[in-house]
Protein chains: 2
Amino acid sequence: MKEGPDIAQIGALIGDPARANMLAALTGGRALTATELAGVGGITVQTASTHLAKLEAGGLLAQRKQGRHRYFTLADEAVARLIESMMGFAAGRGHLRHQPGPKEPALRKARICYDHLAGDYGVRMLDSLIASGSIDAVGDGLALTEKGEGDLKRIGIDVGDLRSSRRPLCRSCLDWSERRAHLAGSLGKALLSSFLDKGWARRTAESRSILFSPEGDRQFLRLFPVEG
Amino acid sequence: MKEGPDIAQIGALIGDPARANMLAALTGGRALTATELAGVGGITVQTASTHLAKLEAGGLLAQRKQGRHRYFTLADEAVARLIESMMGFAAGRGHLRHQPGPKEPALRKARICYDHLAGDYGVRMLDSLIASGSIDAVGDGLALTEKGEGDLKRIGIDVGDLRSSRRPLCRSCLDWSERRAHLAGSLGKALLSSFLDKGWARRTAESRSILFSPEGDRQFLRLFPVEG
DNA sequence: TTCATACTTCGATCGTAACCGAAGCATCGC
DNA sequence: GCGATGCTTCGGTTACGATCGAAGTATGAA
């Protein structure tokens, strides 16, 4: 007994519904204010304030003062991965929300996961990159091929720049809605950024979902075909 | 708000200290009875019984009746990976137990993680397998090479048998004490089993730690050398 | 300065869940 | 059959933490 690190503390931090909702919202990658997070959690600002203080003390959140606002973000990508992996686990065990709600389909189609694309489109993109030989899937992991580097160059992504960062280029991230992997890492981020820059898609204000324009949809599906 | 799967439920399940202790103990891979788990959690059997019922309802545990005993185990390897990943996360944020205790060093040297070897020795073994060219590390993932298959055959592990199971052969599992990867998957299990079969090491009764005999220690270090 | 906004701290309430004693089943050994 | 062991269910207590109203602090706008 009493072996190893204390998982009960972080379990308890995530275990409160209001806090879990705030964390899930912050997995969208945006910095949110205390008031916004109170709305997300369905509680008053006073209560939210105490929750946020606890989450920060636990090392899950970081805050940045800006004028009279306080912007909260996840402390780092590790927190995002933990949340997303718990979502994947929860989805697999049938721990779903009570009402599917109208936003669910959009969320399953395409959403943001920290800073990269997730959902049906995220999984499709990785599948297509593997099928075309741009990415090698070896065991659990992913590796960019030379062909892939050329293909990406052609759509305006310079892999050389990305390699210089300390962050891994390719990472697989388990998708909770599809239960299959999508592409994370700096390359995943760069790809999503380029879609947004090109105007193919845009982020929504209150949700994690990503909305593709009709034209963007067409371009995306052309660029990442899947057989069948 | 109210997007995606409900992580609060599993967070809350893990968030209770008694339950967390039980789960951590079960990460040792052994099936434990309700009474044993009550001891681990530091609570009475009545209380433990309600906790175990909740964990089972939540899909984290499975139970098997055997005579008048009830043996509890983690529901599957996904639960073990979740627990271990939370431990890694917790260790990184300094959520450590209060007293390091005398057993900690043994635990850091070698311990069981579900069914494979973890700790310093687990990390060392994977490092050595990669350095010798038996395993390729590509991105996040691991793949056995032809050379590796031959080397393993020589120490009595038939990879062909392992491939027939549905479980992945190589998986990397993040080690909470070393903060680096060790080898999981069916190959990880087979390697640990062979060490135990050969008498190089044995499991302890109450702890997750694995004790190597002097001779086993020598053999292990010879088989998995590291430079430096 | 004065007022408004964003947020935190204080104080008190309230609900839930952890907890254990006692009683109730089930299984084993005799 | 009997008692002993392992575990669950019931009932009642207790404690912790989530919650919010009200007051307090900081920043910005007028």
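The sequence lines fix the lettering, A, B, ..., with proteins before strands; numbering per chain opens at 1. Computed from heavy atoms alone, side chains included, the values below leave out hydrogens, waters and symmetry copies.
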[N] [atom2] sits how many Å from [X] [atom1], rounded?
X	N	atom1	atom2	answer
A:Arg64	C:dC7	CZ	P	13 Å
A:Leu55	C:dT8	CG	P	12 Å
B:Gln63	C:dA26	CD	P	15 Å
B:Leu52	D:dT8	CG	C1'	11 Å
A:Leu13	D:dA18	CG	P	9 Å

Does [X] put a side-chain nitrogen or oxygen below 4.0 Å from OP1 or OP2 of [N]?
X	N	answer
A:Thr44	D:dC20	yes
B:His51	C:dC19	yes
B:Lys65	C:dT27	yes
B:Arg70	C:dT27	no

Check: DNA chain D: B:Thr47 or A:Arg19, which has the more 5' nearest nucleotide?
Finding: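 It is B:Thr47 whose nearest nucleotide is closer to the 5' end.
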
Margin query: Assuming nearest nucleotide by heavy-atom distance, tell me which of B:Thr50 and A:Ala18 is located more 5' along DNA chain D.
Written below: B:Thr50

Notebook entry, point to check: Which nucleotide, C:dA18, D:dG21, D:dG17, lies nearest any side-chain atom of A:Lys54?
Noted result: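 Closest of the options to the side chain of A:Lys54: D:dG17.
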
Note to self: Under the rule for ring-ring contact (aromatic ring centres under 6.0 Å, His included), what residues qualify as partners of A:Phe195, not counting sequence neighbours?
What the structure shows: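 Only A:Trp200, A:Phe220 meet the ring-ring contact (aromatic ring centres under 6.0 Å, His included) criterion with A:Phe195.
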
Checklist line | Taking every non-hydrogen atom, the tightest pair across B:Gly28 and B:Ile112 | finding: O-CG2, 3.3 Å

Next item on the list: Without swapping roles, check the side chain of A:Arg111 against the backbone of A:Ala118 for a donor-acceptor pair under 3.5 Å.
Entry: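 Judged by distance alone, no pair lies under 3.5 Å.
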
Next item on the list: Please figure out whether A:Gln46 or A:Arg68 has its closest DNA chain C nucleotide nearer the 5' end.
Entry: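 Its nearest nucleotide lies further toward 5', so the answer is A:Arg68.
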
